[in-house]
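All remarks here apply to the structure that follows.
Given the structure is predicted, the values throughout are model-derived calculations rather than measurements. A, B, ... follow the sequence lines: proteins, then strands. Residue 1 opens every chain.
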Amino acid sequence: MPHISARLTWNEEIGPGHHLMAAHAPQIAAAARPGQFLHVRVGPTHDPLLRRPFSVLRVDEASGQVWLLVKVVGRGTRLLAGMAPGAVLDVMGPLGCGFPEPPPGEEVALVAGGCGVAPLIFWADRIQTTFSHIRVVSILGAATEDVMVCWLDLAARSDEFYATTEDGSAGERGLASDALRGLLARRNFAAVYACGPRGMLKVCAELARGAGVPCFVAVEEAMACGVGACLGCVVPAAGGGYLRVCSDGPVFAAEALDWEALAT
Amino acid sequence: MPHISARLTWNEEIGPGHHLMAAHAPQIAAAARPGQFLHVRVGPTHDPLLRRPFSVLRVDEASGQVWLLVKVVGRGTRLLAGMAPGAVLDVMGPLGCGFPEPPPGEEVALVAGGCGVAPLIFWADRIQTTFSHIRVVSILGAATEDVMVCWLDLAARSDEFYATTEDGSAGERGLASDALRGLLARRNFAAVYACGPRGMLKVCAELARGAGVPCFVAVEEAMACGVGACLGCVVPAAGGGYLRVCSDGPVFAAEALDWEALAT
Amino acid sequence: MRGEAGLPPVDMSVKVGPLALPSPVLVGSGTFGFGEEYAPYCDLARLGAIVTKAVTLRPREGNPGPRIWETAAGMLNAIGLQNPGLERFLAEKLPPLVAAGHVVIVNIAGHDVEEYVKLAGALDAAKGVAAIEVNVSCPNVSRGGIEFGRDPAVLGELVRAVRGATRLPLIVKLSPNVSDIVPLAAAAMEAGADALSLINTLLGMAIDARQRRPRLANVTGGLSGPAIKPVALRMVWQVWQALRPPIIGMGGIMTGEDAAEFMLAGAAAVAVGTANFVDPTSASRVAAELEDFCRGQRINHVSELTGGLQV
Amino acid sequence: MRGEAGLPPVDMSVKVGPLALPSPVLVGSGTFGFGEEYAPYCDLARLGAIVTKAVTLRPREGNPGPRIWETAAGMLNAIGLQNPGLERFLAEKLPPLVAAGHVVIVNIAGHDVEEYVKLAGALDAAKGVAAIEVNVSCPNVSRGGIEFGRDPAVLGELVRAVRGATRLPLIVKLSPNVSDIVPLAAAAMEAGADALSLINTLLGMAIDARQRRPRLANVTGGLSGPAIKPVALRMVWQVWQALRPPIIGMGGIMTGEDAAEFMLAGAAAVAVGTANFVDPTSASRVAAELEDFCRGQRINHVSELTGGLQV
Ligand SMILES: Cc1cc2nc3c(=O)[nH]c(=O)nc-3n(C[C@H](O)[C@H](O)[C@H](O)COP(=O)(O)OP(=O)(O)OC[C@H]3O[C@@H](n4cnc5c(N)ncnc54)[C@H](O)[C@@H]3O)c2cc1C
Ligand SMILES: Cc1cc2nc3c(=O)[nH]c(=O)nc-3n(C[C@H](O)[C@H](O)[C@H](O)COP(=O)(O)OP(=O)(O)OC[C@H]3O[C@@H](n4cnc5c(N)ncnc54)[C@H](O)[C@@H]3O)c2cc1C
Ligand SMILES: Cc1cc2nc3c(=O)[nH]c(=O)nc-3n(C[C@H](O)[C@H](O)[C@H](O)COP(=O)(O)O)c2cc1C
Ligand SMILES: Cc1cc2nc3c(=O)[nH]c(=O)nc-3n(C[C@H](O)[C@H](O)[C@H](O)COP(=O)(O)O)c2cc1C
Ligand code: FES
Ligand code: FES
């Protein structure tokens, strides 16, 4: 978990407000596991003050590059997305736990909502290289076609790929979780891995439980420290109490979380 | 006194920590008078919060450019000096009063200390074009040769030019005010115009008064509004009370200020 | 989104107690001079009222410089109530504002109850004053307002006396440098205030470590700007929860959305202060952005925001 | 400038009342966990002491999320004293810190005097606790410390009781949410405190205008970071001027120069809090920068800074 200066090498707007960015950070590229995140300073002054967490989308160990997908939602992501290649990023990472190894079985389902595609691309890639006996079935949901970014990166690393949009502008009309519902009814997944909005995660968790399939979700929550010290980023745990997204997660077994309390 | 967005067209480090910068701002270029300043935002967030004032060094009405000399002394100037051509500056100006017209006479003395050279270059230029019967005698003082910036710009607009450095690395060893002392003893200036550190201004004011020559000084003080509303930027007035640097100044007749109170 | 087709206009008029204003966006006392300096930058017609720099009975020179210092997302000031005094205010500053058709709220400060009473009486007799804002919290003048604003009994006495001297709407501007703002708000309202302004500056300090000297000649000063917004919002909400009085909220408002936050916390109107220094168009821009915000949220009347926070 | 040739080394050791520390730079309670999380980033050996997250008698779950929100140059937190409780602290958290040779200051919080007394007694009996810091100001737990920290009499009673339960150096951490910090500081010192920590967080609030909801589940939270530095400096200076007690200063310290400012205002030591989140090397970096600052200023012993402000 180094704390380093990484030179930005790529910044491309690949969809409205969606930036694909790369930084030269060989230590991180070598160490990162799918599901982990980087904690990034977005400006040189005291405002904005806190770092911003972003999932690792992909690493290129040979060139020492780490790729991120940044969606502009507020001032921090706006500043980051405005940085030009050559700029130096202050990065901590990789942080948090990654996706757990697939349980025995033939195929797994990856369900991505919007920007949640980032860690699942990395995960699909890793499954294909490290657990090559396992088939990857991916679903990517987005609101509309133009914000369905990186779908090719996910599709290229999947054995089967499904896309959904809420308005039907690409793929099936509907939600990623609708597609999962259909697949779970017909198929026998060893595990479901999901990353996206909380509502989607909740439905995925419910569907997987109904089908008796282990489900792992990557969760987002506002962070301060990113290393487990401040107790700021918690989500409610199933047995009561709280878990830290930054260090107990961001990937959790669905049954570890109290979905009732989480949804509110 | 417009409030505009101006594109940065030039940023060159002309001495250690000294940046010559230009922005495209035709309205300002047309309106600015020597001694006036621009009030510039140095970042897009709430930190740093306040604008920073900089004297106009020169305008180019034909190309609509305004030139500034920025010395890096703190975080605001560091941010500004780090901006690349193409960046958009949020600028208010020209603000404040300029140098008053030279009184009747044959020659005037311009005394610049360090960055104080900026408004005097503009003033020398304007005197040469508008009051061409008046000879400009300039003195530029700096700590050392490498921070003696823009001397050529001043010298080129002066009929006589003297340089001083504290370590003797360029020009005479000593202070700009020492050079003024010598000149005042031999010459009959219509006015002395000075811009630089307060200690230098005080000596210039005393010397000019001793010689019976009107003296005008351009003063610096931390500013908030820059337009006379906040009463934050005051200097003590000769008769008691306070004057606003931003709107009563930044150029004052030396006798308008309470030098005793100012120096502390 | 302004003027977006098909969307109804937003009614921006508000009532702050007895005071009817064309817009909920005012300016913070002391941050807008007497209005004239910002006229070239800011559309004063969009403002609900212009709140003047504090006026005192006699002219005041104010504190020596340095009077201001920038801090992280904020600034300290120790102006020290520099102002031309009541007489010159009435003769020179007020008439042009009134002639231009502005709603004028006059902020007053005094050394003792008597001075406040005299000020209020004179403003009551003047033409064109819409309301009086009583500054009981200026932390910069040693014998000044701060004691009034820290003790409910002392504050009540002051407000009662001023109330007796004028029929104009009376706004009491509270200090945030207190353990509990609610008893002070209650004391002011019980003593006859029509509305409360929340908040004045937090008392702060900055040091030049190399010179080992305070950055301000006055040593301490008032902290304002975005840095204090969370404290200001909390106080507005606390007072609103406890008393539901008419509140003018302020403290670090930079955008229309900031203004909406203050209104949701309980403010009937808001004031833009330090933001004017950062962007001279701030006050009218905040008004325009607030209107846009309402339009985007399908709010027909801006006052629907007041106290609308769901807890 | 560190290690610049010809310059003498700086003695960084300080005394905070009876407590001798190898460096004046500590960490703020609750911002450094129990030390373990920052060990990979920060050279803990450069720190004067590690101040733990608040420990309570029984384990606490803490508040529901969202617990934090970023504000301009600051952040709000409403963690709600989540901690494993005294027993597990003594069994699991304290021993590794002690084994690593760190000076450990344990921050304690309770619902009532009795809980504080029990905590102090148990820590007195434990091995390796260098001092106790009594948190009387955590604004997040409704029945929690805040009342203790707002009334001099109540505070004095608490401190006296805790004083009776331990011979360890006793540090009382005051709340800044008060009208006048000096009487509270005086009450704590008179009741037997050895030192004061100044300041805890300012009570603040943030609102999501579009959702019309508070940003924190707890509605209000504690404001920390550079935004509050001017308020913290002012309070340290006020208390120093009035009482000259041993002070641990904190509130927005990001750099060694910030630390020097607090010491000049009167602090014998300082704590780095929110800065740890921004830069995980902050605490040791601040110590190194402070040492460099002293060297640059030709100061041989860092404690020469304490109270050195020239007013
Ligand atoms: C483990 C993890 C992985 C993430 N991966 C990605 C990714 O790959 N691509 C991507 O675009 N976004 C990702 N996010 C979300 C991203 O961190 C936020 O969108 C970002 O912090 C928003 O910052 P802002 O200043 O633009 O927004 P603002 O709304 O202005 O931020 C205000 C505060 O809220 C926090 N915040 C706001 N939204 C979120 C959020 N969804 N999650 C966490 N904190 C938030 C910010 O960090 C900041 O502290 C991830 C979040 C987490 C926790
Ligand atoms: C009328 C006028 C004209 C000026 N012209 C020039 C110029 O042509 N070139 C140039 O390099 N500098 C000029 N200055 C000084 C310049 O404004 C400051 O150096 C700059 O504001 C420092 O900002 P900072 O953030 O880098 O420094 P910091 O020390 O970090 O600033 C902290 C605060 O103090 C204020 N401040 C610090 N030093 C000064 C100062 N000397 N004058 C005013 N405010 C100050 C800053 O504006 C800021 O609010 C001028 C100042 C004035 C008042
Ligand atoms: C430079 C300056 C001068 C001020 N003068 C006064 C004043 O004369 N009377 C008053 O009641 N408040 C005064 N204030 C306080 C503001 O009106 C306002 O309450 C405070 O600054 C918080 O709002 P802001 O953060 O938007 O600035 C002053 C503030 C500043 C920054
Ligand atoms: C997330 C967080 C948790 C905190 N928890 C505690 C605590 O448990 N006990 C305590 O006395 N202070 C606590 N504090 C207050 C800090 O120790 C410190 O006094 C305050 O944050 C001001 O310093 P800073 O601005 O450097 O953070 C906490 C602060 C933060 C930001
Ligand atoms: S962000 Fe601090 S514990 Fe997770
Ligand atoms: S900077 Fe506001 S009056 Fe000069």
Practice item. Name the member of C:Gly74, C:Ala209, C:Ala206 that forms the most heavy-atom pairs with chain D at distances under 4.5 Å. Key: C:Ala209
**Study point:** D:Leu223, part contacting chain C, at a heavy-atom distance under 4.5 Å
**Key:** side chain
Point to revise | Residue C:Ala265 versus chain D: region with a heavy atom under 4.5 Å | key: both
Study note, to complete from the structure: Taking a cut-off of under 4.5 angstrom between non-hydrogen atoms, the residues of residues 178-185 of chain D near chain C are D:Val178, D:Ser179
Point to revise | Heavy-atom contact with chain D under 4.5 Å, split by part of C:Leu309 | key: both
**Study point:** Part of D:Gln310 lying under 4.5 Å from any heavy atom of chain C
**Key:** both
Review point. Tell me, side chain or backbone of C:Gln211 under 4.5 Å from chain D's heavy atoms, or both, or neither?
Key: backbone
Exercise for review: Kindly check if the number of other-residue, nucleotide or ligand heavy atoms within 6.0 Å of CD (D:Glu157) is above 12?
Suggested key: no
Revision key, fill the gap. The interface call for C:Val219 against chain D, heavy-atom contacts under 4.5 Å, is side chain
Practice item. Among C:Gln297, C:Arg213, C:Arg212, single out the residue with the greatest number of heavy-atom pairs under 4.5 Å to chain D. Key: C:Arg212
Check your understanding: Quick one: does C:Gln238's side chain get under 4.5 Å of D:Leu203's, heavy atoms only?
Key -> yes
**Study point:** OG1 on C:Thr220 to CG on D:Leu233, rounded to 0.5 Å
**Key:** 12.0 Å
Point to revise | Member of D:Ile207, D:Leu76, D:Asn177 meeting the side-chain contact (heavy atoms from CB on, under 4.5 Å) criterion with C:Arg234 | key: D:Asn177
Exercise for review: Check each atom of C:Leu216 against the heavy atoms of chain D and say whether the ones under 4.5 Å are side chain, backbone, both or neither.
Suggested key: neither
Point to revise | Residues of residues 252-263 of chain C with any heavy atom under 4.5 Å of a heavy atom in chain D | key: C:Glu257, C:Ala260, C:Glu261
Revision key, fill the gap. Heaviest contributor of heavy-atom pairs below 4.5 Å to chain D, chosen from C:Pro214, C:Pro230, C:Ala227, is C:Pro230
